[in-house]
Chemist: 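After the structure tokens below, expect a handful of questions from me.
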Amino acid sequence: MNTVILGTLIMLLSACANVELYVPKEGDTPHGYYAQQITPNSYLVSYETYKPITSEEVESLALRYAAELTRELKFGVFEVIHTDLEENVDLVESPELRGTTYASLHGSNTAVTPAYTREVRVKRVTLEILMSEPL
């Protein structure tokens with residue numbers, strides 16, 4: 001048990017360097033942490049991002065949220081029952097954008113950004129955690 005707690009503390013400290021990455025997930029953007037309750041003391045805790053960080057950093061950020069959720073729900077410790085790591089490539093299509101037309105001495109011009117498709121790598125870690133030792 002002490003090994004789990006020590007490992008968690010080390011990961012939490014390394015996650016502190018990634019403050020701008022540690023945000024709650026909002027909308028459809030694949031970035032941030034979130035949780036889904038399974039039972040009163042077990043949750044699926046996930047962190048996903050499209051930003052270029054390692055799988056270890058993604059897992060560290062998920063563990064950080066698991067620790068915060070455990071404390072918020074007034075439990076003393078949590079145990080990771082199962083870990084699932086996914087990495088997917090999504091295609092994001094951006095439509096053609098036309099800017100304002102403006103006049104000049106040489107006629108009128110319209111700024112155009114052509115349509116394009118880009119690949120986005122999304123990494124997601126999902127932890128099944130079991131909380132115990134209520135405070």
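Quantities reported herein were computed from a predicted structural model and do not represent experimental measurements. Values reported hereafter were calculated over all heavy atoms of this structure, with side chains retained and with hydrogens, waters and symmetry mates removed.
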Chemist: State, to 0.1 Å, how close E48 and P30 come at their nearest heavy-atom pair, and which atoms those are.
Modeler: OE2-CA, 3.3 Å
Chemist: In Å and rounded to the nearest 0.5 Å, what is the CD to NZ distance from E20 to K51?
Modeler: 7.0 Å
Chemist: Quick one: OG1 on T49 to CG on L61, what's the gap to the nearest 0.5 Å?
Modeler: 8.5 Å
Chemist: Within this structure, what is the CG-CD distance for the pair N41 and E133, rounded to the nearest 0.5 Å?
Modeler: 12.0 Å
Chemist: Has S60 got a side-chain atom pairing as donor or acceptor with E56's backbone, closer than 3.5 angstrom?
Modeler: no
Chemist: When hydrophobic residues are tied together by side-chain contacts of less than 4.5 Å, even through go-betweens, does L44 share a cluster with F75?
Modeler: no
Chemist: Fit a plane to each ring of H31 and Y47, take the angle between them on a 0 to 90° scale, and name the class: parallel (under 30°), tilted (30 to 60°) or perpendicular (over 60°).
Modeler: perpendicular
Chemist: Knowing that exactly one of N88, D90, T29 qualifies, which makes a side-chain contact (heavy atoms from CB on, under 4.5 Å) with Y50?
Modeler: T29
Chemist: Using side-chain heavy atoms (C-beta onward) and a distance below 4.5 Å, is Y34 in contact with Y65?
Modeler: no
Chemist: Less than 4.5 Å apart, any side-chain heavy atom of Y43 and any of L73?
Modeler: yes
Chemist: How about CD on E26, more than 12 heavy atoms from neighbouring residues, nucleotides or ligands closer than 6.0 Å, or not?
Modeler: no
Chemist: If you round to the nearest 0.5 Å, how far is OG1 of T83 from CD of E128?
Modeler: 9.5 Å
Chemist: Are L63 and L130 linked, directly or through other ILVMFWY residues, by side chains that come within less than 4.5 angstrom of each other?
Modeler: no
Chemist: Looking only at non-hydrogen atoms, find the nearest pair between A66 and I129 and report the distance.
Modeler: CB-CD1, 4.0 Å
Chemist: Quick one: closest heavy-atom pair of G76 and T70, and the distance?
Modeler: C-CG2, 4.4 Å
Chemist: Looking at side-chain heavy atoms only, is the closest gap between L85 and E59 below 4.5 Å?
Modeler: no
Chemist: Would you find a donor on one side and an acceptor on the other, under 3.5 Å apart, between the side chain of K123 and the backbone of I53?
Modeler: yes
Chemist: If you look at every heavy atom in A35 and L69, which pair is closest and at what distance?
Modeler: CB-CD2, 3.8 Å
Chemist: May I ask you to test the Y33-P24 pair for a side-chain heavy-atom distance under 4.5 Å?
Modeler: yes
